[in-house]
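Fair warning: this is a prediction, and the values are worked out from it, not measured in the lab.
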Amino acid sequence: MVNKMNGESLDITAQNIARLKELFPEILTDGDKIDFDMLKTVLGEVVETEQERYQFTWHGKKKMIEGVQKPSKGTLRPVPEKSKNFDTTENLYIEGDNLEVLKLLQKSYNGKIKMIYIDPPYNTGKDFVYKDNFKDSVQNYLEQTGQVDSDGHRISTNSESNGRFHTDWLNMMYARLKLAKSLLTEDGAIFISIDDTELDNLRKICNEIYGESNFISQFNWKRKKEISSDSKNVSIQGEYILCYGKSSKVTFHLEELSKEYIDKSYKEPTPDFPLGKWRPVPLTVSKGLSGGGYEYPITTPSGIVHIRVWAYPEKSYLELIEKKRVYFGAANNGIPQRVIYAHESKGQPVSNYWDKISSNKEGKKEILNLFGYNAFDTPKPTDLIIKIMNLITEKHDYILDFFSGSATTAHAVMKKNVQDGGNRKFIMVQLPELLDEKSEAYKDGYRTICDIGEERIRRAGKRIIAEIKEKQQNAGMLNENAAVDLKALDIGFKVLKLDTSNIREWNVNFTNLEDELDLYETPFIDDRLELDIVYEIMLKQGLELTYPIDTFVVNGKKVYDIAFGSLFICLSKEMTPDIAKAMIARRDEHGTETSSVIFSDAGFSNDSDKLNCIEILKDAGYPEDNLLTI
């Protein structure tokens, strides 16, 4: 028997229940139900009988959480004509409501994102607030992309006159942060820009979702150098970046010592210590012998004897003396200290106060240099995102920004890859909010924020390549000998857009579903392309959306080969057993160990051909669970 492919995104509720059952089998009651009082007991909590307890709640929170856990039946459709290097890039730009997109990404990118950075609406009364409808999120998104109501008024603002000013924002943020957590690697972290308006509330919901123990820091960024009268009583120069880890496994990289710090903390070379700028550090230990120290006398060059508990055994101390790495003070009679050189330093921990990196003014200049006008109001500077990437990412990590806005994060990822030869990959998500018709961008032909964001990435990529070539020419370097491999540098992006499913069964809720489907020749929506369906299958099967897609033809029927034989898809009509044989040959050619096959159920002329295909695949080692139809 061949299984029908499930058209929904990851069922988060079912996944959570399964994990609980596996960890705590004693909480099951009445067959398969969960006894929540027992769960609390096994977790060491006293089951409270009174209603009063410490908690952070608001109107609609329970309904919102239930909505978050509902699987999505939508899809992401590829848009090659808006993309750059569609077939080869590993970067994604997704147009759509990020709530629904985050649901759809759960299977393909669960536990794969090392760093999330978002610059969400600050709830100032002027910025965008998403109007979620958990009953039919995709349809709700399609209706609201117009951004105006029947009277032409914007429906995307949230003013303080709204009785649920904070509630609407909390529901919007909580839902998205909850889904984002599942996408992070165990050693990954999320960074959230925010100002004073909702800082307190954001801390509370992050503590609830990520856990207070996984709070890393509240970084203070000096976003504006000038002091101006932009707020009553106080000039606002800074804002915050909250950082939470997925778990306690998060480890930040050390930052390089700044020139300012070296000049302030290190001494100039001397005849005794000539290898560069240096500084002395204590050789003693504060915890004494119980802390692993060593007690013995040390005689200074001037004859003074010091008896302390030292950090090194005597043998190691004598090795430091031999290497001229001990400092006895200016008079050669002080308590000995170890000498370290600035060039040997592995770095220093990051400070939580960021005043030495670019401000918002530099962010605007970056946009101005690319477009010739201010296409965005308050874009973040790329230096800010690069600083964050320096803290946590490696060369091949995924970076997600699901409030993409001006696409600063994408620009920063490309710049960082140039700096260290990395291959970091970005995933941008942005709602295609309509532009003001009076704006310069609208007059320039752009219609949505996504249009400008995508163009920003195109122009930034071209600028990066041009700058690299100019540097190489100035240095007299040929491309093949250059420090940056231009061919390996990924400045492309694959555009996908949120839409309803390409497959009829997953879009309807007929009581007589089978009778209704019999009216159609295929289960696919009429105006959808095969490539749309292929990407939906990849999404629902949990494959990354940048995996390579190859095609080959068997008796005039197109077969899609995904990720070197990991998945084969054939949606053609009048399929024959020859297709199954060709799939097996291609799989063996790739040497792929685990492979799946998906056919269109309506593609077989008769049950005999379908059965023969399935049996041929099973005889070749395909498990029945890896053979699906739609």
Side-chain angles (χ1 to χ4, degrees), residues 2-3 5-10 75-80 83-94 101 104-114 183 185 395-400 423-427 487-488 490 492-496 502-503 529-554 557-572 575 579-600 613 617-618 620-630:
V2 183
N3 298 313
M5 181 182 159
N6 178 9
E8 297 182 344
S9 64
L10 185 66
T75 190
L76 299 176
R77 297 176 63 190
V79 191
S83 307
K84 180 173 183 176
N85 303 335
F86 181 86
D87 292 326
T88 58
T89 184
E90 294 185 274
N91 300 317
L92 293 177
Y93 188 101
I94 303 173
V101 171
L104 290 170
L105 294 178
Q106 292 296 318
K107 283 186 178 179
S108 297
Y109 295 93
N110 191 286
K112 294 182 179 180
I113 309 296
K114 184 64 172 292
L183 299 176
T185 61
K395 289 185 177 182
H396 302 287
D397 285 333
Y398 277 103
I399 291 97
L400 168 65
N423 184 34
R424 294 169 188 81
K425 296 161 279 285
F426 62 74
I427 301 176
K487 293 180 180 179
D490 189 353
F493 57 95
K494 184 175 293 190
V495 176
L496 303 163
N502 303 290
I503 302 170
L529 303 174
E530 272 196 357
L531 195 62
D532 293 332
I533 301 163
V534 167
Y535 269 85
E536 178 162 4
I537 292 171
M538 291 173 65
L539 189 66
K540 301 298 170 62
Q541 288 296 103
L543 296 181
E544 293 181 20
L545 300 178
T546 53
Y547 277 165
I549 301 175
D550 194 11
T551 60
F552 59 95
V553 177
V554 182
K557 315 299 180 186
K558 181 183 288 187
V559 180
Y560 293 87
D561 175 356
I562 317 296
F564 309 108
S566 296
L567 172 65
F568 293 104
I569 302 170
C570 188
L571 306 173
S572 299
M575 288 184 285
I579 292 175
K581 295 175 183 177
M583 290 175 174
I584 294 166
R586 182 63 73 99
R587 177 202 64 180
D588 294 343
E589 182 182 329
H590 289 309
T592 304
E593 294 183 5
T594 304
S595 181
S596 299
V597 174
I598 295 179
F599 294 114
S600 167
C613 277
L617 291 166
K618 288 167 68 175
Y622 276 90
E624 193 169 288
D625 289 344
N626 289 23
L627 305 175
L628 304 171
T629 62
I630 51 176

Atom [atom1] in [X], atom [atom2] in [Y]: separation rounded to 0.5 Å?
X	Y	atom1	atom2	result
Asp397	Phe426	CG	CZ	15.0 Å
Leu628	Phe599	CG	CZ	10.5 Å
Thr594	Asn626	OG1	CG	7.5 Å
Lys558	Ile569	NZ	CD1	12.0 Å
Ile503	Lys540	CD1	NZ	7.0 Å
Leu104	Glu536	CG	CD	8.5 Å

Quiz item: Once the angle between the rings of Phe86 and Tyr535 is folded into 0 to 90°, is it parallel (under 30°), tilted (30 to 60°) or perpendicular (over 60°)?
Solution: tilted
Ignoring hydrogens, what is the shortest heavy-atom contact between [X] and [Y]? Give both atom names and the distance.
X	Y	value
Leu105	Leu76	CD2-CD1, 4.3 Å
Ser600	Leu571	CB-CA, 4.0 Å
Lys494	Thr89	N-CG2, 3.6 Å
Val495	Ser83	N-OG, 2.8 Å
Tyr622	Ser596	CE2-N, 4.0 Å

Min side-chain heavy-atom separation [X]-[Y] under 4.5 Å:
X	Y	value
Leu545	Tyr109	yes
Ile549	Tyr547	no
Leu496	Arg77	no
Asn91	Thr546	no
Gln541	Ile562	no
Ile533	Tyr560	no
Pro78	Asp532	yes
Ser108	Leu539	yes

Quiz item: Which is it for Asp550 and Arg586 under the side chain to side chain contact (heavy atoms under 4.5 Å, CB included) test, yes or no, and what are the steps along the way?
Solution: CA-CA 11 Å; Asp550 194 11; Arg586 182 63 73 99; 3.4 Å; yes
Taking [Y]'s backbone N and O only, do any of them form a donor-acceptor pair with [X]'s side chain (distance below 3.5 Å, no angle check)?
X	Y	answer
Lys425	His396	yes
Ser572	Lys557	no
Thr592	Phe564	yes

Practice problem: List the steps and the verdict of side chain to side chain contact (heavy atoms under 4.5 Å, CB included) for Met583 and Ile579. | Solution: CA-CA 6 Å; Met583 290 175 174; Ile579 292 175; 3.7 Å; yes
Practice problem: Could you point out which residue of Glu544, Lys112, Glu90 forms a side chain to side chain donor-acceptor pair (under 3.5 Å) with Tyr398? | Solution: Glu544
Practice problem: Test side chain to side chain contact (heavy atoms under 4.5 Å, CB included) on Lys581 and Val554 and set out the steps. | Solution: CA-CA 10 Å; Lys581 295 175 183 177; Val554 182; over 6 Å; no
Quiz item: Can you list the steps and then say if Cys613 with Met575 is a side chain to side chain contact (heavy atoms under 4.5 Å, CB included)?
Solution: CA-CA 9 Å; Cys613 277; Met575 288 184 285; 5.5 Å; no
